[in-house]
Amino acid sequence: MSASDNVKRRHIPNRECSVGRATEILGDRWSILLLREAYYGVKRFDEFQHYIGMAPNILSDRLEKLVSMGIFSKNPLPEHSRRYEYVLTEMGRDFFPTYLALKKWGDDWLAEPAGPQIVFKDRNSGRDIKYPVALSSDGRALRPEDIKILPGAGAVPFNVERFGPNRTSATEAGPAKRLAKSSSKVLVPGRKNQRDIKRKT
């Protein structure tokens, strides 16, 4: 097998990967911002344009893409049959915990010193919501180094070879364990460090 064939073989799992497929739909800034506004209750084209500031042609393209992929449904307005509203489908609503995790990460690492722009409260109780956290079966918070990676039921041969029982010792260690081993040597900047770096550049 040539080097180029080997590279192509390694890229096959990216096409089959659920994360790879999700980023094909939602991996650009505009799509995430459209979902943000939809979670805020926005449904109409002109409202999306007003709150996000997108060019009409880009907005139309992204909305049509999200409709075609099943994230939004496109419904005629009762008072104007040639205009539409874009309503989250069950697939779109199901992304909400992922959006919350992304917002939490942005608030923790990238928000202004005074704090985040928007906070979410439980509508019934008025209390702060709890953001999604990966937990073990006994309730422990999990970090990447706590996770064991195994091939799933739909795994392509490349992933069975990479993560299955016959994996090599190097693969067995995996990036998560290497991360744990080297974490004490890595400086992770907080918000202040990141803003200082931006000012210097």
Side-chain angles (χ1 to χ4, degrees), residues 10-29 31-36 38-40 69-71 88-113 115-195 197:
R10 289 201 303 271
H11 289 170
I12 289 174
N14 292 328
R15 297 200 302 268
E16 309 294 341
C17 174
S18 300
V19 174
R21 290 180 173 179
T23 56
E24 284 291 321
I25 304 174
L26 301 172
D28 69 282
R29 175 174 178 256
S31 295
I32 294 296
L33 292 180
L34 284 168
L35 279 170
R36 180 196 70 185
Y39 295 137
Y40 290 172
M69 299 305 297
I71 304 295
L88 288 163
T89 63
E90 191 61 30
M91 184 181 183
R93 294 171 65 86
D94 202 39
F95 188 78
F96 186 59
T98 307
Y99 170 78
L100 287 180
L102 180 63
K103 182 186 184 310
K104 175 67 164 56
W105 181 84
D107 289 347
D108 287 348
W109 291 98
L110 304 171
E112 293 299 313
Q117 298 295 307
I118 298 293
V119 296
F120 293 146
K121 301 280 187 179
D122 185 311
R123 189 181 294 274
N124 292 325
S125 69
R127 298 177 181 175
D128 292 340
I129 67 169
K130 292 186 178 181
Y131 286 88
V133 177
L135 299 174
S136 68
S137 58
D138 58 0
R140 293 178 293 107
L142 296 172
R143 302 290 291 172
E145 55 269 21
D146 301 320
I147 304 297
K148 182 176 182 180
I149 306 169
L150 298 168
V156 296
F158 180 92
N159 281 331
V160 173
E161 179 183 341
R162 183 183 180 191
F163 298 115
N166 297 322
R167 73 186 91 181
T168 65
S169 57
T171 307
E172 175 69 33
K177 289 190 176 180
R178 289 196 295 272
L179 174 65
K181 185 177 181 180
S182 60
S183 60
S184 60
K185 301 177 182 178
V186 177
L187 176 62
V188 179
R191 291 199 297 265
K192 181 176 184 300
N193 303 90
Q194 291 175 332
R195 286 194 295 273
I197 291 172

Undergrad: Rounded to the nearest 0.5 Å, how far does CZ of F95 lie from OG1 of T89?
TA: 12.5 Å

Undergrad: Minimum heavy-atom separation for L100 to Y131, with atom names?
TA: O-CD2, 3.3 Å

Undergrad: With a 3.5 Å distance limit and no angle check, can you tell me whether D108 reaches the backbone of W105 through a side-chain donor-acceptor pair?
TA: no

Undergrad: Testing the basics here: between I129 and D122, what is the closest heavy-atom pair and its distance to 0.1 Å?
TA: CG2-N, 3.7 Å

Undergrad: What's the separation between atom CG in L34 and atom CZ in R29, rounded to the nearest 0.5 Å?
TA: 10.5 Å

Undergrad: For the residue pair Y39 and F96, what are the closest heavy atoms and their distance?
TA: OH-N, 3.2 Å

Undergrad: Could you tell me which non-hydrogen atom of A101 sits nearest to which non-hydrogen atom of P132, and how far apart they are?
TA: N-CD, 4.3 Å

Undergrad: How many angstroms lie between CE in M69 and CG in L26, if you round to the nearest 0.5 Å?
TA: 9.0 Å

Undergrad: Counting distance only, does the side-chain N/O of R127 pair as donor-acceptor with the main-chain N or O of K121 below 3.5 Å?
TA: no

Undergrad: How long is the straight-line distance from CD of E16 back to OG of S18, given to the nearest 0.5 Å?
TA: 9.5 Å

Undergrad: To the nearest 0.5 Å, tell me how far L88 CG sits from I71 CD1.
TA: 8.5 Å

Undergrad: Return the minimal non-hydrogen interatomic distance between A141 and D146, and the atom names on each side.
TA: O-OD2, 4.2 Å

Undergrad: Is there a side-chain contact between D94 and M91 in this structure, where contact means two heavy atoms from C-beta onward sitting under 4.5 Å apart?
TA: no

Undergrad: State, to 0.1 Å, how close I118 and K103 come at their nearest heavy-atom pair, and which atoms those are.
TA: O-NZ, 2.6 Å

Undergrad: Take the angle between the ring planes of F120 and Y40 and call it parallel below 30°, perpendicular above 60°, tilted in between.
TA: perpendicular

Undergrad: Within this structure, what is the CG-CG distance for the pair D107 and L102, rounded to the nearest 0.5 Å?
TA: 9.5 Å

